[in-house]
Structure formats: structure tokens, C-alpha cells
Protein chains: 2
Amino acid sequence: MAARDYGQYGGITRALELVGERWAMLIVRDLLVGPRRYGELAAGLHRIPSNILAARLKELQATGVIRRVPHSRVIVYELTPYGRELEPVVLALGAWGFKTLGDPRQEQVITPDSMTMDLRTAFRQQVAANLPPTAYAARLGPAELFIRVDGSALDVRRGDGTADLAFAAGADIRRLISGELTPHLAIATGVVEVLRGPGDLLERFASTFHLAV
Amino acid sequence: MAARDYGQYGGITRALELVGERWAMLIVRDLLVGPRRYGELAAGLHRIPSNILAARLKELQATGVIRRVPHSRVIVYELTPYGRELEPVVLALGAWGFKTLGDPRQEQVITPDSMTMDLRTAFRQQVAANLPPTAYAARLGPAELFIRVDGSALDVRRGDGTADLAFAAGADIRRLISGELTPHLAIATGVVEVLRGPGDLLERFASTFHLAV
DNA sequence: CCGAATCCATAACGATACTG
DNA sequence: CAGTATCGTTATGGATTCGG
């Protein structure tokens, strides 16, 4: 791993030598959501060439960031404890990037894992702590997420479930999270479509997930 | 800048498109210490090729992370307000990398700016708030730093000054900051050499700057 | 089918030299 | 001092192929 180093001694250079290469941090992002198989990673990072994915997985293993775990018949990759400690880094990056996240370009896709991490980024723990437990079923572009907020705990997983509020939205859910759009306006303009449950709950959603730009 | 994108829509991909390329985050790191001239950046990142530095500076300007400011005769680069908001990202990266920072390799150098940011990473604001104002003059490898702690405020700058404690150390100051070495042992083993002032103050330094591994 | 390895064109990077 | 220009090397991207 000393091949592509910076010739400097310090915490930041060290970190960048471990996870600074192209795609590495996105692999970490997806693995922060949960263990993933090779094919799942390839699907979530749909533009990654398979040789690059294979190379990164090897490097991240060699440096102790991830682990390759054979599970009966399938192989999954998961973060080591040290790798999981990258969560603050990934969240900080996400919060920073979110601020200048415009509208999606034509070729940009939304993946369940990236959306999950963006929701974690926007999650306001101290606000949620004072709200009743709530479950949301959100269809965000192609991603179906089941979001449970209980006290200061957040759980996001793929798929559906019994939710207090079910809604559908596209990438412009961002406008709701940034506060650019009020929940009321988001519904009125069709940015958010309420599928089940009281639309008022979208206000709770918006105050739980908020990231000022 | 959409040339090298990831084809995904999300906060983290957005951030990586802006500052994810090689060397970019290190330029940000050094600019977090203060505005720098082209030559200063080149010196601090001594292994960066000048064409890469020039390219990164252009990209970071184009994306609104840094600004090119003509100052009478010289040109300096500085972070925009948006660029400065990368500080939490850089500190989180530094804290993570610090944990597996071993001993320096032969070719690795210590630069004043990287050392400054590492100190900021390790700074414990809430601990410092309960200590009397203290100034340290530290010679860390080739970097001469004048460190002032006043309440929860930290100021690190290059050069010397009237300090309560002056000391010299090498890269293995890391062992003191990680707690691997007690202040007493650090002095006894020669890891830290006290140049002026009461050596006891090194305990205050160690509790002010601490990052568990 | 999953988890890669291989091949090849292209783009980025790195070292050095060069210019206003 | 603040960059450009050039050119060889390396990494990336895309497609295809291989092995269990």
C-alpha cells in the first residue's frame, strides 16, 4: 500500500492512503449500511468496473478496513470495527456535499444505499428524541426504504413495512430536507406524493431529517 | 467537473466529485491552516507534481472550494466559506488515520501544516476549557510551531514565541498524544526534550492534545 | 449465476524541463 | 515565483472471458 503514498507523515495522509483512492469511500459508504456481496456492491456502484471493484476490495482487506466473510455458500464483505469508525467521516462528507447538491443530472441514479446514508446524514438525533416513534415507508426514486425512528435511534432498511406514513418522491426530496420546500408545499406541488397515512406526518419527517444548505 | 463523476446522485458522491481526487484534500488541509501561495503549497506537498497542483487549484476554484486572490504583488489561494466547511471532514479523517499511524517511514516528512492540523485533530476543547491559558513552543521534526491554548480556543502558528514550555520532539510525539507514553516517560526516554520551562507542563500538553487509538 | 481475471483504449498521474 | 509543456508511466473504464 505504500505504492501510492504521499510521502508525508500525518493522520490525514494516512487516512487518504487507506481510503483516498477512487471508489474506495463509496464502497465504505455502502458497507456502512450493511454487509454486501460482490454483486450487490457492483450493482450499487453501477459504473465501477469489475476489476476496480476487485482491486479495491483487496486493498481494503489488506489495510484492515473491510473483511471478506464466507457465509455458507455466498461471500459477503463487511467493515471491520476499524472500518466502521469511518462513519463520522462519511457523514461529514455527505453533509458537506449535500449543501451543493443540485438537481440530478440525466445520467445520475439513486441507489438505496446512498439514499440510506444521506438520510443518516440528515438525521437529527436530538430532534427525534422528543418525537413519538414513527415508521415511514418511502419510495425515493427506485429505492424502497422502510424508515423507523424511535427516540434517538434511526433504522433504515430496504423494502416495505407497516408504516405510519407511506410516500413517494424523487430526487427533489432534497428540497424538503434542505428546507427549501415546506412539507405542505412539497405535497401541493407534487414533489412528495402521500400514498398512505396522514400527510401531516410529513412535517415530522421534515423536522427529523433536515440539513440546512 | 462532471468528467470524472460517479453517475450517482447523493451527498457523498457529490463531495467526492469535488474533493475526492488525489491531492485535493491535502490542498484543503493546508489551506485550512491559512492562505498559501502556490510555492508554499508545492513545498508543503513536496511530492506533488506542479502540473497536478496547477490542475487541482483550477478545479477547486471552478467548483467554489478555493479562491485565487491577488495580494498586491503575490497571489494567494484561500478557502471560500464553503471550502472552510470541510474542516469537520478533514478533522474526522485525521482522527481516523491517526489511529493506525505507525512510526514514520524513511521517506516520510513532517510538514508544519500537516502537524498543525494533526494538533487541531487531537485538541480536546472541553479539557482545555478548564485549564489555564498556556503557550507552547514546539519543535516537531522540522516544524517550529507556536501553540497557544486559551480556554477552548486553540491557535497554532509557525515560528517561535514566548512560551510557558518549549520542547522538541520527533514524529514519535504521536506516542505521547495517543497515551502510549506518559509525559514523564516521554521525557525520560528522550522522546520529548524539554528546552525551556517546567517539564511538568508536558502533562498539561498531553491532556490538552489527546487522541486514543 | 456469482466472483472475479484478462485485455485494451483512454485518461490521469508523475517527473522533468521550460517560460513569462 | 507561478505556473506550462512535454512525455513516459500508471490507473481507470468498458467489454469480454473464465472458473466454481
Side-chain angles (χ1 to χ4, degrees), chain A residues 1-8 13 16-27 30-31 34-63 66-78 105 107-109, chain B residues 1-8 13 16-28 30-31 34-63 66-78 107-109:
Chain A
M1 287 288 74
R4 212 130 194 268
D5 61 60
Y6 291 99
Q8 295 199 350
T13 32
L16 292 175
E17 285 173 8
L18 297 185
V19 292
E21 281 189 279
R22 193 159 163 71
W23 295 106
M25 198 70 94
L26 293 181
I27 293 172
D30 284 6
L31 292 182
R36 291 284 179 268
R37 300 164 61 161
Y38 185 95
E40 294 174 318
L41 289 170
L45 310 169
H46 73 288
R47 296 243 321 245
I48 196 174
S50 75
N51 58 342
I52 301 290
L53 177 55
R56 291 291 172 278
L57 290 175
K58 283 216 183 84
E59 293 159 11
L60 291 170
Q61 280 173 76
T63 53
I66 70 172
R67 199 158 32 202
R68 184 178 190 270
V69 185
H71 260 221
S72 62
R73 298 239 36 176
V74 301
I75 290 162
V76 300
Y77 296 90
E78 62 182 31
R105 295 191 297 271
E107 81 285 5
Q108 287 186 314
V109 302
Chain B
M1 296 301 93
R4 213 131 193 266
D5 61 60
Y6 290 100
Q8 296 199 349
T13 32
L16 292 174
E17 285 173 6
L18 297 185
V19 293
E21 282 188 277
R22 194 160 161 70
W23 295 106
M25 199 70 96
L26 293 181
I27 293 172
V28 170
D30 285 5
L31 291 182
R36 291 285 180 268
R37 299 165 61 161
Y38 184 95
E40 293 174 318
L41 289 170
L45 309 169
H46 73 288
R47 296 242 320 244
I48 196 174
S50 72
N51 58 344
I52 300 290
L53 176 55
R56 290 291 171 278
L57 290 175
K58 281 214 184 86
E59 292 159 11
L60 292 171
Q61 280 173 76
T63 53
I66 70 173
R67 200 159 31 203
R68 184 178 189 268
V69 185
H71 261 218
S72 62
R73 299 238 37 179
V74 301
I75 290 163
V76 301
Y77 295 90
E78 61 182 32
E107 82 285 6
Q108 287 185 315
V109 302

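Proteins come first, then strands; the chains are lettered A, B, ... in the order of their sequence lines, and each starts at number 1.
- Between B/L16 atom CG and D/dT12 atom C1' the separation is 16 Å, expressed in whole Å.
- Side-chain contact between A/R105 and B/D5: present, with at least one pair of heavy atoms (C-beta onward) separated by less than 4.5 Å.
- Straight-line distance from the CG atom of A/L26 to the C1' atom of D/dT12: 15 Å, rounded to whole Å.
- If you take CG of B/L45 and P of D/dA2, they are 14 Å apart, rounded to a whole angstrom.
- At whole-Å resolution of the value, OH in B/Y77 and P in D/dA2 are 8 Å apart.
- The phosphate of D/dG13 has neither OP1 nor OP2 within less than 4.0 Å of any side-chain N or O from B/Y6.
- Scored by the side chain to side chain contact (heavy atoms under 4.5 Å, CB included) test, B/Q61 finds B/L57, B/I66, B/R68, B/Y77 as partners (sequence neighbours excluded).
- B/E40 approaches B/P35 most closely through the heavy-atom pair OE1-O, 4.2 Å.
- Whole-Å rounding puts the A/E59 CD to D/dT10 P distance at 16 Å.
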Between B/E17 and B/Y6, does a side-chain contact (heavy atoms from CB on, under 4.5 Å) hold up when you go through it step by step?
-> CA-CA 8 Å; B/E17 285 173 6; B/Y6 290 100; 3.9 Å; yes

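- Between A/K58 and C/dA5, a side-chain N or O to OP1/OP2 separation shorter than 4.0 Å is present.
- Inter-residue side-chain proximity for A/I27 and A/L53 is flagged as met; some heavy-atom pair is nearer than 4.5 Å.
- Look at CD on B/E21: it is 15 Å from C1' on D/dT10, rounded to the nearest Å.
- Remark: B/R37 engages no residue in a salt bridge (Lys or Arg N to Asp or Glu O under 4.0 Å) (not counting sequence neighbours).
- Between B/Q8 and A/L45, the closest side-chain pair of non-hydrogen atoms falls below 4.5 Å.
- Within 4.0 Å of A/I75, counting heavy atoms only, lie sugar-phosphate atoms of the nucleic acid but no base atom.
- As a whole-Å value, the separation of B/I27 CD1 from D/dG3 C1' is 14 Å.
- For the OP1/OP2 pair of C/dC2 and a distance below 4.0 Å, the side-chain nitrogens and oxygens of A/R73 include no atom meeting the criterion.
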Encode nucleotides 14-20 of chain C as B, S and - characters from 5' to 3', where the letter depends on protein heavy atoms closer than 4.0 Å: B to the base, S only to sugar-phosphate, - to neither.
-> BBBB---

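- Rounded to whole angstrom, the span from the CG atom of B/L53 across to the P atom of D/dC1 amounts to 14 Å.
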